[in-house]
Amino acid sequence: MTTLLAAFDLLLSLTLLGLAVAALTSAEPRRGVILFIAFGLLLALVWARLRAPDLALAEAAIGAGLSGALMLAAARRARRRRSPETAPRPSEEQP
Amino acid sequence: MTIIEILSLVLLGTGAFFFLAGSIGLMRMPDRFTRLHALTKADNVGLGLIVLGLMPLAPDVRDALKLGLIWILVAVAGATGAHLIAKRAVRDDGEDSH
Amino acid sequence: MIAYLLIITLVLMLSIVVGLVRVAIGPTPSDRMMAAQLMGTSGIGVILLLAPVVEVSALIDVALIFALLAAVAVAAFTRRRVTESGG
Amino acid sequence: MIATQLLYVGCGILLLILGLWSFLVHPPLLRKLIAINVMGAGVFHILVAIAYRGIDTPPDPVPHALVLTGIVVAVSATALALAFGQRLDRDDDR
């Protein structure tokens, strides 16, 4: 059982670090924000595993939810400002 | 090990199998609609079976009812989300057009 | 019993990793949204399975918040796109 | 228990370093904000890992209170920075 728990811890940590790297290195603003929201949800998972349900609740509701929504709005504004007179739907979603 | 525990083990195992099948489908299916099909199986059936398997292990009735509420919420959200995603993909508007 | 629950949890973590890979490689925004939905559902499953393992029954409330947040998130993403494509 | 604490503290330190690197390297405001938030998450991660006392004993409540306050302050600071950024953009356009 200890081995299984250790495997779970290791997988969780590696996924969290991978998600952080992906969020920090994505150049397109909206994809970075979506990855950051996913990072916050995984962080809440870690804190649930470390017996801190209050922190997991706060992180999921305001850390990922509220600040993610604020950043999404900011990313949309930045995109509209960068190309106001070109196509109304700029297709910068090429991976 | 009682009969209830064995039943819950079987239900949990089946739920995990559905999650595994859904994620394999999300990885290997050729286009958006088949991937959506695989995803909804993992969402609704997988989580439903896991909730059913956890219900007998819950400490009291209130927690078991909360588990059921979670499943209902996820099912409603999953159905709505899948419908919206599929509608966008059918219309092929916006950045989906490639 | 606890060991069995942990094995199921590991399978669900695997499904989260698959969702992460899908979010990273795309190729379309629909795929990213689907993968995010899979990650949210698997996260709810992991939290529900962790509740008996670490013996904190308050984790069920955390899963409830996750479920609400997932519903709001999908609605928010799609609404944003509809208004944008309308003008 | 010590091994678990070490694993999660190491993960927190790595998150802190990653966030700091990204904050120093990438110029856009939104990316700097995400980097600062990841740095804060690393600090919270270290504090929660220090508070952990094993799978069957209740954890230390004091770091939990600190982290709860920290989450709220981080969200407020993010909102303030986004408002400042919007105001700066508008003044640039004029």
Side-chain angles (χ1 to χ4, degrees), chain A residues 1-12 14-16 18-19 21-23 25-26 28 30-31 34-35 37-42 44-62 64-66 68-69 72-73 75-76 79-80 88-91 93-95, chain C residues 1-10 12-14 16-17 19-21 23-29 31-33 35-36 39-40 42-44 46-51 53-70 72-73 76-77 80-81 83-87:
Chain A
M1 180 197 145
T2 322
T3 331
L4 281 172
L5 204 60
F8 173 71
D9 287 344
L10 209 61
L11 192 56
L12 195 57
L14 285 181
T15 317
L16 190 72
L19 209 45
V21 170
T25 54
S26 88
E28 208 263 317
R30 204 181 37 146
R31 195 194 318 172
I34 290 177
L35 283 167
I37 294 176
F39 171 80
L41 288 181
L42 224 70
L45 221 61
V46 173
W47 293 347
R49 188 253 171 270
L50 291 177
R51 297 180 60 111
D54 48 347
L55 298 182
L57 226 148
E59 172 68 29
I62 57 178
L66 187 57
L72 264 182
R76 188 184 356 157
R79 197 159 95 169
R80 203 182 294 150
R89 303 191 292 264
S91 60
E93 193 57 35
Q94 314 293 342
Chain C
M1 192 68 208
I2 297 290
Y4 193 78
L5 288 183
L6 275 171
I7 292 174
I8 307 271
T9 314
L10 277 177
L12 260 63
M13 278 304 294
L14 222 62
I16 288 186
V17 173
L20 170 60
V21 172
V23 168
I25 66 174
T28 63
D31 288 313
R32 295 220 168 85
M33 263 193 284
M39 282 176 83
S42 313
I44 292 170
V46 169
I47 286 191
L48 289 180
L49 285 162
L50 275 179
V53 173
V54 301
E55 291 165 8
V56 181
S57 64
L59 285 186
I60 294 179
D61 299 331
V62 179
L64 209 53
I65 290 285
F66 262 58
L68 282 172
L69 202 72
V72 172
F77 284 141
R80 194 190 74 72
R81 284 142 182 262
T83 52
E84 188 176 291
S85 64

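Here is the naming used below: chain letters follow the sequence lines, and residue numbers restart at 1 for every chain. Quick caveat: nothing in here was measured; it's all calculated off a predicted structure.
The OG atom of C:Ser42 sits 11.5 Å away from the CG atom of A:Leu41 when rounded to the nearest 0.5 Å. The distance from atom OG1 of C:Thr9 to atom CG of A:Leu4, rounded to the nearest 0.5 Å, is 9.0 Å. Between atom CZ of residue A:Arg51 and atom CG of residue C:Leu59 there is a gap of 9.0 Å, rounded to the nearest 0.5 Å. Separation of atoms CE (C:Met39) and CG (A:Leu19) is listed at 5.5 Å; rounding is to 0.5 Å. A:Leu57 CG to C:Leu64 CG: the interatomic distance, rounded to the nearest 0.5 Å, is 9.0 Å.
Nearest heavy-atom pair across A:Arg49 and C:Val54 is O-CG1, 3.8 Å. Of all the heavy atoms in C:Ile65 and A:Ala61, the pair that sits closest is CG2-CB, 4.4 Å.
Side-chain contact between A:Thr15 and C:Met13 is present, with at least one heavy-atom pair separated by less than 4.5 Å. Counting heavy atoms from C-beta on, the side chains of A:Trp47 and C:Val62 never come closer than 4.5 Å.
The contact between C:Ile16 and chain A is made entirely by side chain atoms (from C-beta outward), counting heavy-atom distances below 4.5 Å. Using a 4.5 Å cut-off between heavy atoms, A:Leu35 touches chain C through its side chain atoms alone. Interface remark: A:Ala48 contributes backbone and side-chain atoms alike to the contact with chain C (heavy atom separation under 4.5 Å).
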task: For the pair A:Leu12 and C:Val46, evaluate side-chain contact (heavy atoms from CB on, under 4.5 Å) and give the outcome as yes or no after the intermediate values.
output: CA-CA 11 Å; A:Leu12 195 57; C:Val46 169; over 6 Å; no
- prompt: Passes side-chain contact (heavy atoms from CB on, under 4.5 Å), C:Leu20 versus A:Leu42? Steps please.
  reply: CA-CA 11 Å; C:Leu20 170 60; A:Leu42 224 70; over 6 Å; no
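By number of non-hydrogen pairs under 4.5 angstrom with chain A, the leading residue of C:Asp61, C:Val56, C:Val17 is C:Val56.
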